[in-house]
Amino acid sequence: MKMVAPWTRFYSNSCCLCCHVRTGTILLGVWYLIINAVVLLILLSALADPDQYHFSSSELGGDFEFMDDANMCIAIAISLLMILICAMATYGAYKQRAAWIIPFFCYQIFDFALNTLVAITVLVYPNSIQEYIRQLPPNFPYRDDVMSVNPTCLVLIILLFISIILTFKGYLISCVWNCYRYINGRNSSDVLVYVTSNDTTVAGACSPSCWGG
């Protein structure tokens, strides 16, 4: 009779491309780590050369700055924090330390909640999309094409796009959560096996002395 481990009864240990959830979490952590590292490099280059992200009125129809120094420093701090969280998740999945995965999982929940609020905002205030597009510079790419689309169709397209993103993010959340439960359950099982083996050894050692008494 095939024995089933207790940590595999109520959730799946496989994810996309039939790889293990632990492998998937490692790949996901590395991917987020690369993205945030690239963002950090862009922010540092923008901080070192602010003129690179300053556009003239002829380019955008008005004087516009990408980001001031204060916001740039905040963005750099957030990028550094994200790199730390992603590195912790990758290390925790690789070394099978469940606690190290929790910060990354919390970030995923927070990101999912923000995207859900965006979807609700679009659904409740559909006219906000048109107002936002009107505020864009006149020569913004595809601005006129988007403005010509029927407002109802535009809202449906955006909601469909956000729904696909939410579905994908929800799948990634389940992958990381299953990895956490797998590692946590595996570590608990290893502790129980060690204690049982230790008790058996002690009992065997005590038996001769008991007989001699």
Side-chain angles (χ1 to χ4, degrees), residues 5-48 53 66-123 158-159 161-195:
W7 58 83
T8 61
R9 293 178 181 174
F10 304 107
Y11 53 93
S12 175
N13 288 338
S14 62
C15 59
C16 186
L17 301 179
C18 299
C19 64
H20 197 273
V21 290
R22 181 166 162 258
T23 304
T25 302
I26 293 174
L27 294 176
L28 183 62
V30 172
W31 173 248
Y32 273 83
L33 192 63
I34 293 174
I35 292 177
N36 286 279
V38 172
V39 172
L40 179 61
L41 291 176
I42 295 174
L43 292 173
L44 290 175
S45 63
L47 187 63
Y53 294 90
F66 178 74
M67 194 177 294
D68 56 18
D69 292 341
N71 292 332
M72 190 74 70
C73 293
I74 294 175
I76 291 175
I78 294 175
S79 297
L80 289 173
L81 179 61
M82 286 303 306
I83 290 175
L84 177 62
I85 291 175
C86 296
M88 289 176 60
T90 304
Y91 178 81
Y94 179 74
K95 291 294 185 178
Q96 299 192 28
R97 298 184 178 181
W100 290 65
I101 304 177
I102 295 178
F104 184 73
F105 178 76
C106 293
Y107 158 73
Q108 286 184 299
I109 296 296
F110 178 74
D111 182 61
F112 185 87
L114 286 181
N115 285 270
T116 303
L117 290 177
V118 172
I120 295 175
T121 302
V122 172
L123 185 62
I158 293 177
L159 287 176
F161 181 72
I162 295 177
S163 299
I164 295 174
I165 293 178
L166 288 177
T167 302
F168 182 68
K169 287 182 178 292
Y171 178 78
L172 295 180
I173 290 174
S174 66
C175 175
V176 175
W177 174 243
N178 288 337
C179 177
Y180 170 80
R181 295 184 62 184
Y182 168 78
I183 294 175
N184 200 30
R186 186 181 181 88
N187 292 339
S188 299
S189 178
D190 291 342
V191 171
L192 291 176
V193 171
Y194 173 77
V195 172

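In this chain, numbering begins with 1 at the start of the sequence shown.
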Q. Going by heavy atoms in the side chains, are Leu114 and Val118 under 4.5 Å from each other?
A. no
Going from [atom1] on [X] to [atom2] on [Y], what distance comes out if it is rounded to the nearest 0.5 angstrom?
X: Met82; Y: Phe104; atom1: CE; atom2: CZ; value: 6.5 Å
X: Thr116; Y: Ile165; atom1: OG1; atom2: CD1; value: 11.0 Å
X: Thr23; Y: Leu28; atom1: OG1; atom2: CG; value: 12.5 Å
X: Phe112; Y: Leu172; atom1: CZ; atom2: CG; value: 11.0 Å
X: His20; Y: Asn178; atom1: NE2; atom2: CG; value: 9.5 Å
X: Ile83; Y: Met88; atom1: CD1; atom2: CE; value: 14.0 Å

At their closest point, which heavy atom of [X] faces which heavy atom of [Y], and how far apart are they?
X: Thr25; Y: Ala93; answer: CG2-CB, 4.0 Å
X: Met72; Y: Ala46; answer: CE-CB, 3.7 Å
X: Ile42; Y: Ser45; answer: O-OG, 2.7 Å
X: Tyr32; Y: Cys86; answer: CB-SG, 3.4 Å
X: Leu159; Y: Ala119; answer: CD2-O, 3.7 Å
X: Ser79; Y: Val39; answer: OG-CG1, 3.8 Å

Are the side chain of [X] and the backbone N or O of [Y] linked by a donor-acceptor pair below 3.5 Å?
X: Arg97; Y: Tyr91; result: no
X: Asn184; Y: Tyr180; result: no
X: Arg22; Y: Cys179; result: no

Q | Over 12 non-hydrogen atoms of neighbours within 6.0 angstrom of CZ in Phe105 | A | yes
